[in-house]
Asks: 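Below: one structure in structure tokens.
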Amino acid sequence: MRPIAAVVTALCGLVLSSSSIVSAESSPEVKLTKAGVSSDWKPPQVFKNVNLVRNTNLEKGYARETVNVVVENVDKQPQSDYYLPFPTDLFDRVAGLEVRDKKAAEKGRFDIATIEVAAPSDVNYYLVHLPEPLAPSSQITLGISYSLLNSLEPRPAAIEQTDRQFLTYSFSAYLPSAYQTVTQKTKIKFPSSNVPDYTTTDLKSGADPERQGSTYTYGPYDTAKAAPGTTHPVTVRYEFTKPVITASLLERDLEVSHWGGNLATEERYWLRNNASTLMNQFSRVEWTVSNYQQAPSSAIRELKYPLKPGSVDPYFIDDIGNVSTSRYRPGLRNREASLEFKPRFPVFGGWNYSFRLGWNNNLASFLRRAVGSADSYVLKVPFLEGPKMGEGIQYEKVVLRVILPEGAHNVRYEAVEGPSSNGLPGPHQIKSEFSTHKTFMDTLGRTTLTLTVDGLTDEARDSQLVVTYDYSLWDGLRKPVTMTVGLFSVFAALWAITNIDVSIKKR
Ligand SMILES: *[C@@H]1O[C@H](CO)[C@@H](O)[C@H](O)[C@H]1NC(C)=O
Ligand SMILES: *[C@@H]1O[C@H](CO)[C@@H](O)[C@H](O)[C@H]1NC(C)=O
Ligand SMILES: *[C@@H]1O[C@H](CO)[C@@H](O)[C@H](O)[C@H]1NC(C)=O
């Protein structure tokens with residue numbers, strides 16, 4: 001067996017060396033990170049926030065904020081570096097940060113860099129780079145949006161199985177800013193009007209917050225005289241009898257096969273529920289009753305997963321094996337397909353559940369040839385899919401792998417940007433890596449693009465990734481040719497050996 005294998009390998013090597021050198025290229029990545037800024041460093045005071053409105057949305061299992069701020073250049077020179085501070089404990093939990101010109105949102109997001117302040121420091125900064133420097137005394141309205149992962153805490157931390165759940169959210173009534181802020185306010189949208197506890201302040205005349213249904217408004221405050229960074233802690237506690245679904249890791253593989261005309265998706269989830277834990281042992285009887293009554297629960301009972309039209313062969317496997325409690329409705333005639341699956345057990349607060357699911361699609365719906373080039377392809381796929389639930393999902397880490405055919409080269413990628421936020425962070429906050437992924441009889445291995453994002457939410461569900469690559473007829477033929485040449489050489493070698501044997505016998 002061994003000599004034959006050696007012959008095959010040698011011949012494969014021949015086939016290989018005759019092919020052109022194949023390499024994957026990454027799009028040029030700009031490193032904007034400023035490292036080693038000392039901990040007492042302060043951004044230059046060249047801007048003033050004339051008016052700031054923060055909208056905090058607590059309808060999902062994480063906080064999402066949009067801040068609209070009118071910024072004025074108070075310096076004598078044009079300025080383009082706007083610093084955005086976050087308390088250090090929050091900095092790593094900021095997800096999907098995006099900044100645009102609020103009045104020209106269609107022009108796209110601004111470049112954002114991370115400033116690494118030397119520890120210990122209470123504050124870390126993002127640096128927002130305005131594409132056009134702001135002239136002295138001119139104003140721009142920034143639209144800043146982001147999510148804060150792991151920002152909601154259940155109180156009480158442990159409840160009875162059928163109890164309602166309450167979450168707390170803490171923040172500062174004065175938004176941490178690097179600059180003087182003249183007026184500001186914060187509007188909080190709760191999931192319901194059941195808000196039993198909230199901090200009241202005397203920072204303004206009249207009631208603070210002002211309440212209207214499920215929206216509470218802190219401010220407006222006159223903070224012209226407050227030093228930048230002044231804080232006023234506020235905590236709110238509100239009902240949220242839903243799970244707080246957290247994926248500590250999602251691995252998502254998209255495998256392109258030109259031969260099979262197939263796009264195979266597989267996703268592996270490590271989920272946990274950050275809801276209140278159970279005070280007592282889980283009771284199946286109580287669970288059956290409350291399930292029958294459709295009572296709200298902080299347990300993960302079912303996950304609803306819309307799939308692209310034309311998705312086929314879905315599977316759902318957890319640590320034990322096939323899960324039969326899933327229901328699949330194929331999307332007929334361009335309608336979204338839907339996979340509804342129940343974990344093997346209700347996932348209560350503090351519990352974990354990991355599983356994997358996958359399906360196939362016709363590649364033609366996602367791939368086309370690049371205009372004007374026979375050997376270039378454009379692949380457009382969702383960056384993130386995932387369950388679509390009212391309570392949302394926060395992802396601590398997402399690793400997306402796009403596995404291209406063997407021999408694909410000159411690979412470039414880009415997240416599709418639209419007139420509004422796609423939920424993804426900017427290109428500098430997405431780590432990319434190219435590698436090769438070897439499978440059976442591959443000579444070169446498949447070109448693989450791996451994108452890693454620390455911190456994402458279901459807001460990025462509709463984001464699209466475009467991957468372009470070159471792939472010629474020869475790239476496509478390499479595998480069958482290699483196999484044929486390999487097999488042929490085996491027969492040739494066998495024939496030669498047989499002949500030698502025969503000649504020896506004759507003697
Ligand atoms: C969520 O759960 C994890 C693991 O149980 C825990 O470490 C973390 O502190 C929780 N987060 C919040 C905000 O409660
Ligand atoms: C899982 O179920 C599918 C059909 O529902 C079946 O084709 C497959 O063989 C099963 N796999 C295992 C490991 O039981
Ligand atoms: C759940 O998973 C986390 C990691 O995400 C781990 O730290 C924790 O111990 C697990 N909890 C249980 C109850 O298995």
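As the structure is a computational prediction, the values presented were derived from the model and not from experiment. Counting starts at 1 for both ligands and their atoms, following the listed order.
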Asks: Please determine if E396 and R272 form a salt bridge, counting it only when a charged side-chain N lies under 4.0 Å from a carboxylate O.
Replies: yes
Asks: Only heavy atoms of L152, strictly under 4.0 Å: list the atoms of ligand 1 that pass.
Replies: 13 (C)
Asks: Mark up the atoms of ligand 3 that fall under 4.0 Å of a heavy atom belonging to S248, in ascending order.
Replies: 5 (O)
Asks: Please list, in number order, the atoms of ligand 1 under 4.0 Å from a heavy atom of R272.
Replies: 1 (C), 2 (O), 3 (C), 4 (C)
Asks: Which of the atoms of ligand 3 are close to G350, meaning less than 4.0 Å from one of its heavy atoms?
Replies: 13 (C)
Asks: Are any of the protein's heavy atoms under 4.0 angstrom from atom 7 (O) of ligand 1, yes or no?
Replies: no
Asks: Mind telling me whether W287 and F348 have parallel, tilted or perpendicular rings, with 30° and 60° as the class edges?
Replies: perpendicular
Asks: Salt bridge check: are D197 and R155 linked by an N-O gap of less than 4.0 Å?
Replies: no
Asks: Would you mind checking which non-hydrogen protein atom is closest to atom 9 (O) of ligand 3, with the distance to 0.1 Å?
Replies: N352 ND2, 4.7 Å
Asks: May I ask you to say whether K431 pairs ionically with D454, meaning some side-chain N is under 4.0 Å from a carboxylate O?
Replies: yes
Asks: Are the aromatic rings of W359 and Y328 close, with centres under 6.0 Å apart?
Replies: no
Asks: Checking the N or O distance criterion of under 3.5 Å, is ligand 1 in contact with S151?
Replies: no
Asks: Going by a strict under-4.0 Å cutoff (protein heavy atoms only), does atom 2 (O) of ligand 1 have a neighbour on the protein?
Replies: yes
Asks: Identify, for atom 14 (O) of ligand 1, the protein heavy atom at the shortest distance, and state residue, atom and that distance.
Replies: N274 ND2, 3.6 Å
Asks: Just checking, is any N or O donor in the side chain of E239 or T241 under 3.5 Å from an acceptor N or O on the other one?
Replies: yes
Asks: If the contact criterion is a heavy-atom separation under 4.0 Å, does V244 count as touching ligand 1?
Replies: no
Asks: Do K342 and E302 meet the salt-bridge criterion of a basic N to acidic O distance under 4.0 Å?
Replies: yes
Asks: Could you tell me whether some N/O pair between E153 and ligand 1 is separated by less than 3.5 angstrom?
Replies: no
Asks: Check whether the side chains of Y146 and E65 place a donor and an acceptor atom closer than 3.5 Å, and report yes or no.
Replies: yes
